There are 2 protein chains.
Amino acid sequence: MPSLSCEPLRHGAPEERARQATPGRRLDGSVIRHLDFFKELDDSALDDIAGAARPERIPRGEALFRQGEPPHALFIVLSGRFKAIQVTPEGRQVVVRLAGPGDLIGHVSVFAEKPYPATPTAATESIALMWSPRTFIALMARHPPLSLAVVRNMGRFIEEAHTRLRESSTERVERRIAHAVLRLAQQAGHRVDGGVEISFPMTRQDLALMTGATLHTVSRVLSAWEQQGVVGGGRQHLVLRDPQALARIAEEC
Amino acid sequence: MPSLSCEPLRHGAPEERARQATPGRRLDGSVIRHLDFFKELDDSALDDIAGAARPERIPRGEALFRQGEPPHALFIVLSGRFKAIQVTPEGRQVVVRLAGPGDLIGHVSVFAEKPYPATPTAATESIALMWSPRTFIALMARHPPLSLAVVRNMGRFIEEAHTRLRESSTERVERRIAHAVLRLAQQAGHRVDGGVEISFPMTRQDLALMTGATLHTVSRVLSAWEQQGVVGGGRQHLVLRDPQALARIAEEC
DNA sequence: CGTGGAGTTGAGTAACTTCAAGGATCGTGG
DNA sequence: CCACGATCCTTGAAGTTACTCAACTCCACG
């Protein structure tokens, strides 16, 4: 791992965390039953798992935790969206990941017993469940299917990382952006008349951070696409008008 | 996932696999006890795990399996080195990973139940243990610490992927190469007089595939470093003469 | 109605790639 | 032992992509 010596990390705005933990009674399995992640688990396991969790509401713009902190918890997203931003020692940023309902956050650090590698910020108001490392590991030992679910989830995770890695080293910017937009549409798009809309605020800057391009290049590319009627929308708002055309741009032989 | 429609994948040379499975008796825990990966497991568990495995000897240049195949097994490296090469739909290659003793191979696909995403080729003569998916999943259920070990291992995996992802989108080629070489030295270097030697054949081409650069650029960069006395060696052979200098190149603010 | 975040667009340029040609090193078979 | 083909490596020159720098517009929101 590269040292952090070069420059003190800046962790975005220094706002205080004032998250709201819903107080009171233990949760039951019903809050997580619908999530794909838990589909192999039976009701009593679900109750056990949910019962050990603490729910948190995270307002837009707030972070679940911050890069560099020791991993004190792991989370699963119930609703909303997070973008995980990693800051390099030189102060550059990268969006390493987007997470939506059913995605685990922080598990990698918890299992590896290493500091969180990125800061996951709520892109929209979100709700997540939280467990302490020990609690969760105990749950895994108690419910083997949970282990398997974690492993499967991490597998998908790795696949995505490798896909992006491959893209970023073999593909030109325009294509990378096309892939990123298609992935976004798949993960977080909903149909509207005349296209698929990305259902959370997405700036050119974000797209740039996701593709390893600059804000400027992304803007130029999107402008060109807009003229061709491939995408639409403006200001933190993206609509895919012609997915086929975009797919062609992404895959062109 | 991008479709594979563009062009039929070429899988390198069409040599037949003539691997040698050591025949005969069940293995016992002694073959895996020394591996870091298994350090949380007790002797009876180790015997159980090793006993269910089949050892394979893989000569240099042979593949453990091929990209696109359904995952019929997962492996752990006992000795040797593999490089996992992914071929893009357009026919470009990327080295997504290097694996040495104690590393799992194929687990991601097995758990995700998706085709293998890359072809791991032995960079030197290697020995690996093999399990069928069902066997291994049963072992995990039987030995919770094994699950945990898998999860931890995948965690490190993800971290590395993210590090590379970040590097490849924020760093210039020279630095990416510096990081790659440092990582190599760390993972597979041994001290020799006047430096650290990478202990398996490593071509400029490989380095290029690992960093998303071209063979030519890598060659130029290494030539420059050689003149400065930072690295040495030739033809598939790399010696780090001045790790400090390289670290400076890699981290420079 | 002004302020700031978000986006656009142009001009210049650096970093890499591509193209091209040739040199070094290895293994193999005569 | 030497010639050979196959890899691997080097280096120059030309060409491109996408970045940097810079100025400007648009819009939302207080």
Side-chain angles (χ1 to χ4, degrees), chain A residues 12-13 60-61 83 88 90-95 121 123 167-178 180-181 198 200-228 231-239 249 252, chain B residues 12-13 15 59-61 83 88 90-95 121 123 167-178 180-181 198 200-228 231-239 249 252:
Chain A
R60 176 173 176 189
K83 32 190 168 201
T88 71
E90 294 87 37
R92 300 198 51 168
Q93 302 185 334
V94 195
V95 171
T121 306
E167 285 173 6
S168 88
S169 59
T170 63
E171 291 179 357
R172 296 281 148 86
V173 180
E174 184 176 18
R175 257 209 226 177
R176 296 206 304 267
I177 299 173
V181 171
I198 308 300
F200 63 97
M202 177 51 44
T203 65
R204 318 279 151 161
Q205 175 70 30
D206 288 329
L207 223 33
L209 294 179
M210 290 169 61
T211 52
T214 58
L215 161 64
H216 312 276
T217 306
V218 171
S219 179
R220 281 182 239 273
V221 168
L222 289 190
S223 295
W225 288 351
E226 189 149 17
Q227 289 208 330
Q228 295 163 34
V231 300
R235 210 183 166 72
Q236 308 206 55
H237 178 76
L238 195 58
V239 181
I249 293 169
E252 185 99 334
Chain B
E15 4 81 24
R60 176 172 176 190
K83 32 189 169 201
T88 71
E90 294 86 38
R92 300 198 52 168
Q93 302 183 334
V94 195
V95 170
T121 307
E167 284 173 7
S168 89
S169 59
T170 63
E171 291 179 356
R172 294 284 147 88
V173 178
E174 184 176 17
R175 257 209 228 175
R176 296 207 303 268
I177 299 173
V181 171
I198 308 300
F200 63 98
M202 178 47 49
T203 66
R204 318 282 173 194
Q205 176 71 34
D206 289 329
L207 223 34
L209 294 179
M210 289 170 61
T211 52
T214 58
L215 161 64
H216 311 277
T217 305
V218 172
S219 179
R220 283 182 237 272
V221 168
L222 289 190
S223 294
W225 287 351
E226 190 149 15
Q227 289 209 329
Q228 295 161 35
V231 301
R235 209 185 164 73
Q236 307 205 59
H237 179 77
L238 196 58
V239 180
I249 292 168
E252 185 99 336

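In what follows, chains carry the letters A, B, and so on, assigned in the order in which the sequence lines appear, proteins first and then strands, with residues in each chain numbered from 1. Values reported hereafter were calculated over all heavy atoms of this structure, with side chains retained and with hydrogens, waters and symmetry mates removed. On a predicted model such as this, the values are computed, not experimentally measured, just so you know.
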Among Thr214(A), Leu222(A), Leu215(A), the one residue meeting side chain to side chain contact (heavy atoms under 4.5 Å, CB included) with Val218(A):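 With Val218(A) as partner, side chain to side chain contact (heavy atoms under 4.5 Å, CB included) holds for just one option, Leu222(A).
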
Sole residue of Ile198(B), Val181(B), Val221(B) in side chain to side chain contact (heavy atoms under 4.5 Å, CB included) with Leu207(B): Val181(B)

What is the distance, rounded to the nearest whole Å, between atom [atom1] of [X] and atom [atom2] of [N]?
X	N	atom1	atom2	value
Arg175(A)	dT17(D)	CZ	P	13 Å
Glu171(B)	dC19(D)	CD	P	15 Å
Arg176(A)	dC19(D)	CZ	C1'	12 Å

- prompt: Which two nucleotides bound the region of DNA chain C that has atoms under 4.0 Å from heavy atoms of chain A, read 5' to 3'?
  reply: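 Both ends considered, the range comes out as dG5(C) to dT18(C).
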
statement: Ordered by number, residues from residues 219-227 of chain A within less than 4.0 Å of DNA chain C (heavy atoms) are Ser219(A), Arg220(A), Ser223(A)

Nearest 0.5 Å, please: how far is [atom2] in [Y] from [atom1] in [X]?
X	Y	atom1	atom2	value
Glu167(B)	Ser169(A)	CD	OG	12.0 Å
Lys83(B)	Met202(B)	NZ	CE	5.0 Å
Ile249(B)	Ile177(B)	CD1	CD1	10.0 Å
Thr211(A)	Arg175(A)	OG1	CZ	14.5 Å
Asp206(A)	Phe200(A)	CG	CZ	8.0 Å
Leu209(B)	Arg92(B)	CG	CZ	9.0 Å

- request: Starting from the first five and the last five pairs of the helix from dC1(C)-dG30(D) to dG30(C)-dC1(D), work out the angle between the resulting helix axes, to 10 degrees.
  value: 30°

message: Assuming nearest nucleotide by heavy-atom distance, tell me which of Leu215(B) and Val218(A) is located more 5' along DNA chain D.
response: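 On the 5' side of the pair lies Leu215(B).
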
statement: Minimal heavy-atom distance between Gly233(B) and Glu226(B), with the atoms involved, is O-OE2, 3.5 Å

task: Locate the shortest heavy-atom distance separating Pro201(B) from Ala123(B); write the atom from each residue and the value.
output: CG-O, 3.5 Å

message: For a quick check of understanding: with a heavy-atom distance under 4.0 Å over all strands, which category does Gly212(A) fall into, base, sugar-phosphate or nothing?
response: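 The answer is sugar-phosphate, as Gly212(A) gets under 4.0 Å only of primed atoms, P, OP1 or OP2.
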
- request: Check whether the side chains of Thr88(A) and Thr170(B) place a donor and an acceptor atom closer than 3.5 Å, and report yes or no.
  value: no

query: So, is Thr214(A) near the phosphate of dA18(D), with a side-chain N or O under 4.0 Å from OP1 or OP2?
result: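 No.
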
- request: Would you indicate which nucleotide in dC8(D), dT17(D), dC27(D) comes nearest to any side-chain atom of Arg235(A)?
  value: dC27(D)

